[in-house]
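Every heavy atom of this structure was used, including side-chain atoms; hydrogens, water molecules and symmetry mates were not.
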Amino acid sequence: MTALLIIIVAIVLLVCGYVFYGSWLAKQWGIDPKRKTPAITMEDGVDYCAAKPAVLMGHHYSSIAGAGPINGPIQASVFGWVPVFLWCIIGGIFFGGVQDFGSLFASIRHDGKSVGEIIKDSMGKRAQKLFTIFALLVLLLVIASFVNVVAGTFYTAAGEGLGFVANPTGNQTTAMISLLFIVLAIVYGMLTNRAGLKTVPATIIGIIAIVVMIAFGLNVGFAMSRIAWIVFIGAYITIASLVPVWILLQPRDYLSSFCFMP
């Protein structure tokens, strides 16, 4: 079976999953497209801030393509293309898609609260405490794995020390582009949510900036020790989880979605 045929079959199955299974779930849960979300009814410009549909789509499109969904198929490829295909299609439709859809829906119906707060409202404080402990332990493992994978991606044995590197390795190039992407995301978030720049011109500027960043990163890399990268990534995760989503995470994911599309 050729790679093109596999891709076509995958696209067809994913579209069918969205159209049939997705619409069935929407009917079962009582989705109302006309119902205003907490981002509108409770807007405060900080935690509740309405996003443009295209930006929101790009945000969630990139979010589901995290370390797990990407590294999983890569590791499964050791056993051939069938495990990869099953991981992406079955996992995407019946696990990843439902999990994201369900958690978002539950949050929206509970004023944008987190899962812990939803459990408290539905099952009480004891259930919330048990879930919080479980989530903390699981997230420690997930974050540790994520930090290790990313640090390994940025670090190269030839990159001991700190600073810019001419004629960079692939790892140093990836590190530089990723660092620049963080800066670009913050600038994009400020331009669109504070300066009032429209989505289309902001997106055009963002895409041009991505091309410039990649060209720059291919010629000038950035190097740190593995420990330094682990500390940096840990600090980044902490900050990104605390600042309003429109400042960093949402514009970062939206802009990165244009990198995934090809």
Side-chain angles (χ1 to χ4, degrees), residues 1-31 51 53-110 114-116 118-119 130-153 174 178 181 233 237 240-241 245 249-250 252-262:
M1 183 177 291
T2 64
L4 179 60
L5 181 57
I6 294 174
I7 293 174
I8 293 175
V9 172
I11 292 174
V12 171
L13 291 175
L14 289 172
V15 170
C16 289
Y18 172 78
V19 173
F20 297 106
Y21 187 51
S23 61
W24 180 80
L25 287 176
K27 292 178 181 178
Q28 294 299 311
W29 293 347
I31 300 292
V55 175
L56 190 63
M57 174 64 185
H59 174 42
H60 291 295
Y61 174 71
S62 295
S63 292
I64 197 171
I70 291 177
N71 284 296
I74 292 175
Q75 295 178 24
S77 64
V78 174
F79 304 98
W81 66 268
V82 175
V84 177
F85 184 85
L86 296 177
W87 181 294
C88 294
I89 302 304
I90 297 178
I93 296 175
F94 297 105
F95 295 94
V98 176
Q99 188 273 335
D100 280 19
F101 188 20
S103 59
L104 286 171
F105 173 72
S107 179
I108 289 174
R109 287 295 176 89
H110 288 80
S114 63
V115 178
I118 295 173
I119 290 176
L130 291 174
F131 174 80
T132 301
I133 294 173
F134 167 77
L136 177 61
L137 295 175
V138 171
L139 287 175
L140 285 174
L141 294 174
V142 172
I143 291 174
S145 176
F146 173 80
V147 170
N148 183 59
V149 170
V150 176
T153 302
T174 303
S178 298
F181 219 112
I233 296 167
I237 292 173
S241 67
V245 69
L249 294 181
Q250 192 174 79
R252 181 206 66 185
D253 290 342
Y254 171 64
L255 292 173
S256 65
S257 68
F258 293 97
C259 298
F260 286 130
M261 284 181 181

Separation between SG of Cys88 and CG of Leu13, rounded to the nearest 0.5 Å: 12.0 Å
Any donor-acceptor pair under 3.5 Å from Ser145 side chain to Leu141 backbone: no
Whether Ser62 side chain and His59 backbone form a donor-acceptor pair below 3.5 Å: no
CZ on Phe146 to CD1 on Ile233, rounded to 0.5 Å: 7.0 Å
Minimum side-chain heavy-atom gap Phe85-Ile90 below 4.5 Å: no
Plane angle bin for Trp29 and Phe105 - parallel if under 30°, tilted between 30 and 60°, otherwise perpendicular: parallel
Working for side chain to side chain contact (heavy atoms under 4.5 Å, CB included), residues His60 and Asp100: CA-CA 9 Å; His60 291 295; Asp100 280 19; 5.6 Å; no
Side-chain donor/acceptor of Ser107 to backbone N/O of Leu104, under 3.5 Å: no
Spacing of Trp87 atom CH2 and Phe79 atom CZ [to the nearest 0.5 Å]: 11.0 Å
Working for ring-ring contact (aromatic ring centres under 6.0 Å, His included), residues Tyr61 and Tyr254: CA-CA 8 Å; Tyr61 174 71; Tyr254 171 64; over 10 Å; no
Derivation of the side chain to side chain contact (heavy atoms under 4.5 Å, CB included) call for Leu136 and Ile133: CA-CA 5 Å; Leu136 177 61; Ile133 294 173; 5.8 Å; no
Rounded distance [0.5 Å steps], CG in Leu25 versus CZ in Phe101: 6.5 Å
Steps toward side-chain hydrogen bond (donor to acceptor under 3.5 Å, both in side chains) verdict (Thr153, Thr174): CA-CA 8 Å; Thr153 302; Thr174 303; over 6 Å; no
Pairwise distance CD1(Ile11) to SG(Cys16) - rounded to 0.5 angstrom: 12.0 Å
Atom OH of Tyr21: over 12 foreign heavy atoms under 6.0 Å: yes
Flag, side chain of His110 to backbone of Ala106, donor-acceptor distance under 3.5 Å: yes
Worked verdict on Ile118 versus Arg109 for side chain to side chain contact (heavy atoms under 4.5 Å, CB included): CA-CA 9 Å; Ile118 295 173; Arg109 287 295 176 89; over 6 Å; no
Atom pair OG1 (Thr132) and CD1 (Ile119), whose distance is rounded to the nearest 0.5 Å: 7.5 Å
